[in-house]
Amino acid sequence: MNSEKLVKIFKAFIEKNNETFYKIAWEIIDEEKRKKHHLLATQLKHILTENPVASNINYTQQLPPIPRDNEKGFRLLDVKKFCMDWGDVVLAKETEETLRQIVKELEIEKVLATYGLKPKQKILFYGHSGTGKTLTAKILSSVIGYPLVYVRFESVISSFLGETASNLRKIFDFIEKGKWIVLFDEFDIIGKQRDDPTEHGEIKRVVNNFMLMLENYEGESVLIASTNHPHLLDIGVWRRFDEIVYFDLPDKERRKKIFEKYLRVLKKDKDFDLNKLSEESEGFSGADIEQSCIGALKMAILNGKDTVSLLDVIKAVSRQKKRTEAKKVIRYERPY
Ligand SMILES: Nc1ncnc2c1ncn2[C@@H]1O[C@H](COP(=O)(O)OP(=O)(O)OP(=O)(O)O)[C@@H](O)[C@H]1O
Ligand SMILES: [Mg+2]
């Protein structure tokens with residue numbers, strides 16, 4: 001370790017400057033790794049991440065430095081902790097069972113290891129927009145107890161393809177430093193850009209690069225890629241995942257539950273009929289239902305009411321239908 005770092009880390013300790021302390025500590029760990037002192041690097045990492053005393057220190061200050069894009073300087077990922085559970089999402093029974101199975105496997109990770117087995121770690125979420133993919137990643141992060149690393153794929157793609165590859169490397173280097181649920185959101189963006197003939201060869205290299213990093217990843221985190229355009233990803237991409245979870249649009253019964261969930265804030269009028277709402281909202285995603293409920297609740301509150309009526313919600317549903325139609329037009333006119 002160089003003397004400059006030693007001085008800085010001593011100073012940071014005395015001045016109780018946690019942010020600088022952790023920054024230098026992570027740099028030292030990286031340095032030891034580069035020197036191939038893997039045992040020491042792992043030992044130091046455990047001291048930083050698994051020490052109960054650390055719970056007294058602001059969580060974000062303990063994180064390894066967040067990687068940034070060289071070209072534009074923005075953060076390539078965000079790290080957050082959530083406090084949610086299964087009651088916060090309404091999913092098809094089979095979908096929830098598959099997800100609970102993933103959690104169970106992680107809970108008995110050590111037992112599985114004694115049989116030479118590993119829990120499922122590389123997961124693809126696919127399905128219509130607004131069906132709860134991002135929400136479910138937050139719930140998994142909460143119930144498993146690993147913080148969520150959120151990577152918006154669009155921001156990783158740089159106008160310089162060489163930079164994109166370096167961004168991906170930086171993200172995977174960060175992931176190696178902890179135990180996380182990592183969500184690669186809008187993962188299909190790489191598939192979409194691949195359709196552009198001018199970028200063809202280069203983008204293909206980026207896709208392959210990402211898939212290779214995913215395949216070679218052997219750490220302890222759970223990596224989730226999320227898409228609502230699965231048809232853009234070829235078979236080669238699909239078979240690299242240990243589990244594929246489909247998020248469908250909610251059926252009548254689930255729509256009822258979602259309305260119920262988001263209307264909870266106010267009492268409902270006596271003649272309120274959830275069945276009627278469920279029929280009116282055929283084809284709605286969870287996000288569409290949530291938006292309708294928010295609209296109806298606001299309308300009721302603005303009108304000075306302390307209950308919400310069926311008519312308020314039906315009106316909000318028809319406004320949401322129009323908005324969804326408008327969004328579709330915009331989406332189809334996008335250049336990719
Ligand atoms: N199945 C659901 N149960 C309860 N709430 C839901 C559900 N689906 C969506 N919502 C609500 O809609 C919001 C947006 O959903 P979310 O961001 O998880 O959708 P998504 O599937 O990730 O969409 P996209 O593919 O566009 O990223 C959620 O935060 C939640 O409030
Ligand atoms: Mg999402």
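Read the numbers this way: they start at 1 and go in the same order the structure lists the ligands and their atoms. Any value given below was found using the heavy atoms of this structure, including those in side chains, with hydrogens, waters and symmetry copies removed. Because the structure is a prediction, the values reported are computed rather than measured.
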Can the ring centres of [X] and [Y] be said to be less than 6.0 Å apart?
X	Y	answer
Phe247	Phe125	yes
Phe153	Phe210	yes
Trp26	Phe174	no

Between Phe272 and Val313, what is the shortest heavy-atom contact and its length?
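Result for this residue pair: CZ-CG2, 3.8 Å.
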Considering all heavy atoms of both residues, which atom of Ser285 and which atom of Gly130 are nearest to each other, and what is their separation?
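Between these two residues, the closest heavy atoms are CB-O, 3.4 Å.
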Any donor-acceptor pair under 3.5 Å linking the side-chain atoms of Ser278 with those of Asn275?
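Note: Asn275 and Ser278 side chains miss the donor-acceptor criterion.
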Those atoms of ligand 1 less than 4.0 Å from some heavy atom in [X]:
X	answer
Val89	1 (N), 2 (C), 3 (N), 4 (C)
Gly286	7 (C), 8 (N), 9 (C), 10 (N)
Glu290	11 (C), 12 (O), 13 (C), 30 (C), 31 (O)

Looking at Glu215, is its backbone amide N or carbonyl O close enough to the side chain of Arg240 to form a donor-acceptor pair, meaning the two atoms are under 3.5 Å apart?
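No, because the side chain of Arg240 does not come within donor-acceptor range (under 3.5 Å) of the backbone of Glu215.
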So, does Ser226 use its side chain to make a donor-acceptor pair with the main chain of Asp185 at under 3.5 Å?
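Here the side-chain-to-backbone pair does not exist.
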May I ask you to check if ligand 1 and Thr131 share an N or O to N or O distance below 3.5 Å?
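Between Thr131 and ligand 1, an N or O pair is found under 3.5 Å apart.
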If you measure every N or O of Gly132 against every N or O of ligand 1, does any of those distances drop under 3.5 Å?
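Checking ligand 1 against Gly132, an N or O pair does fall under 3.5 Å apart.
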Side chain, backbone, both or neither: which applies to Asn228 and ligand 1 if a contact is any heavy-atom pair less than 4.0 Å apart?
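Side chain only.
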Protein contact to [atom] [nearest heavy atom, distance to 0.1 Å]:
atom	answer
atom 26 (O) of ligand 1	Ser129 OG, 2.6 Å
atom 5 (N) of ligand 1	Tyr262 OH, 2.7 Å
atom 9 (C) of ligand 1	Gly130 O, 3.1 Å
atom 14 (C) of ligand 1	Ala287 CB, 3.9 Å
atom 3 (N) of ligand 1	Val90 N, 3.0 Å
atom 17 (O) of ligand 1	Thr134 CB, 3.7 Å

Within less than 2.8 Å of the Mg ion (ligand 2), any N, O or S from Asn228?
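Within the cut-off used here (under 2.8 Å), Asn228 places no N, O or S atom near the Mg ion (ligand 2).
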Given Ile139 and Phe82, is the side-chain contact (heavy atoms from CB on, under 4.5 Å) satisfied, shown in steps?
CA-CA 7 Å; Ile139 292 170; Phe82 291 92; over 6 Å; no
If hydrogens are left out, which of Leu135, Asp185, Leu183 has an atom nearest to atom 29 (O) of ligand 1, that is, the closest non-hydrogen atom?
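When every heavy atom of Leu135, Asp185, Leu183 is considered, Leu135 comes closest to atom 29 (O) of ligand 1.
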